[in-house]
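Remarks on the structure that follows.
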Amino acid sequence: QVHLVESGGGSVQAGGSLRLSCVVSGYSYSSYCMGWFRQAPGKAYKQGVAVIDTVDQTMFADSVKGRFSISRDNAENTLYLQMNTLEPEDTAMYYCAAVLPCLPASSVWVPQKYIYWGQGTQVTVSS
């Protein structure tokens, strides 16, 4: 069984920070490319936020560049999303996801390409 479990969400004021974690079990975590997606209230789709490959190359959505960072600890089978200078528009359910093999750059923001998903952690940013 493959499990992804997110944590670290919560409620913060605009300008604040949160660090999300995603603990992975059940497979060779270091072999997978990983991503963070979010689904805002009332939206039917998941938006890509940040992705990281097996050699720590990263990509970010334009809306979070300069504010969010993504990292992975292969020894701890954990993926992180550090979110700084949070804005009300960042309010969403945040999900981590895994895919193998890694996707081309043109596909990293397509949630349907990812194989495994966590259950999500809620982030709420108030103004």
Side-chain angles (χ1 to χ4, degrees):
Q1 291 284 343
V2 176
H3 292 287
L4 285 70
V5 180
E6 302 96 334
S7 62
S11 297
V12 297
Q13 298 255 327
S17 298
L18 283 173
R19 188 194 197 199
L20 306 184
S21 299
C22 171
V23 178
V24 179
S25 62
Y27 65 88
S28 180
Y29 168 68
S30 61
S31 300
Y32 282 71
C33 285
M34 303 294 297
W36 286 99
F37 289 77
R38 65 186 181 187
Q39 188 164 2
K43 300 290 187 183
Y45 58 87
K46 291 182 175 70
Q47 175 199 20
V49 176
V51 296
I52 186 168
D53 69 8
T54 57
V55 291
D56 290 348
Q57 296 184 100
T58 59
M59 293 177 65
F60 296 91
D62 288 343
S63 58
V64 306
K65 279 181 183 175
R67 301 188 297 123
F68 289 14
S69 62
I70 185 172
S71 61
R72 63 190 301 166
D73 184 335
N74 290 339
E76 297 295 329
N77 281 13
T78 304
L79 177 73
Y80 300 101
L81 183 69
Q82 178 67 45
M83 306 186 294
N84 299 326
T85 320
L86 283 161
E87 303 169 352
E89 293 74 22
D90 296 317
T91 295
M93 184 73 78
Y94 283 72
Y95 301 89
C96 63
V99 64
L100 179 71
C102 292
L103 300 169
S106 58
S107 298
V108 298
W109 304 125
V110 181
Q112 292 84 354
K113 299 287 188 179
Y114 288 76
I115 303 171
Y116 301 113
W117 290 85
Q119 83 291 345
T121 186
Q122 178 67 39
V123 172
T124 303
V125 184
S126 58
S127 58

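As a basis for the values below, the full set of heavy atoms in this structure was taken, side chains included, without hydrogen atoms, waters or symmetry mates.
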Distance from [X] atom [atom1] to [Y] atom [atom2], nearest 0.5 Å?
X	Y	atom1	atom2	result
Y94	S7	OH	OG	15.0 Å
D53	M59	CG	CE	10.0 Å
D73	S30	CG	OG	11.0 Å
E6	Q122	CD	CD	12.0 Å
Y45	Q112	OH	CD	13.0 Å
T78	L20	OG1	CG	12.5 Å

On the 0 to 90° scale, with breaks at 30° and 60°, tag the W117-Y95 ring pair as parallel, tilted or perpendicular.
perpendicular
Mind telling me whether F37 and W109 have parallel, tilted or perpendicular rings, with 30° and 60° as the class edges?
perpendicular
Taking the side chain as everything from C-beta on, heavy atoms only, tell me whether [X] gets closer than 4.5 Å to [Y].
X	Y	answer
L103	C33	no
M83	V123	yes
Y32	V24	no
S63	R38	yes
F68	L86	yes
E87	V125	no

For [X] and [Y], which heavy atoms make the closest approach, and how far apart are they?
X	Y	value
V108	Y114	O-OH, 2.8 Å
L100	I115	O-CD1, 3.5 Å
L79	C96	CD2-CB, 4.0 Å
A14	P88	CB-CD, 4.1 Å
V2	G26	CG2-O, 4.0 Å

Is there a path of hydrophobic side-chain contacts, each under 4.5 Å between heavy atoms of I, L, V, M, F, W or Y residues, that connects [X] with [Y]?
X	Y	value
V23	L18	no
Y80	M34	no
V110	V49	no

Kindly indicate whether a cation-pi arrangement holds for R67 with F60, taking the cut-offs as under 6.0 Å to the six-membered ring centre and within 45° of the axis.
no
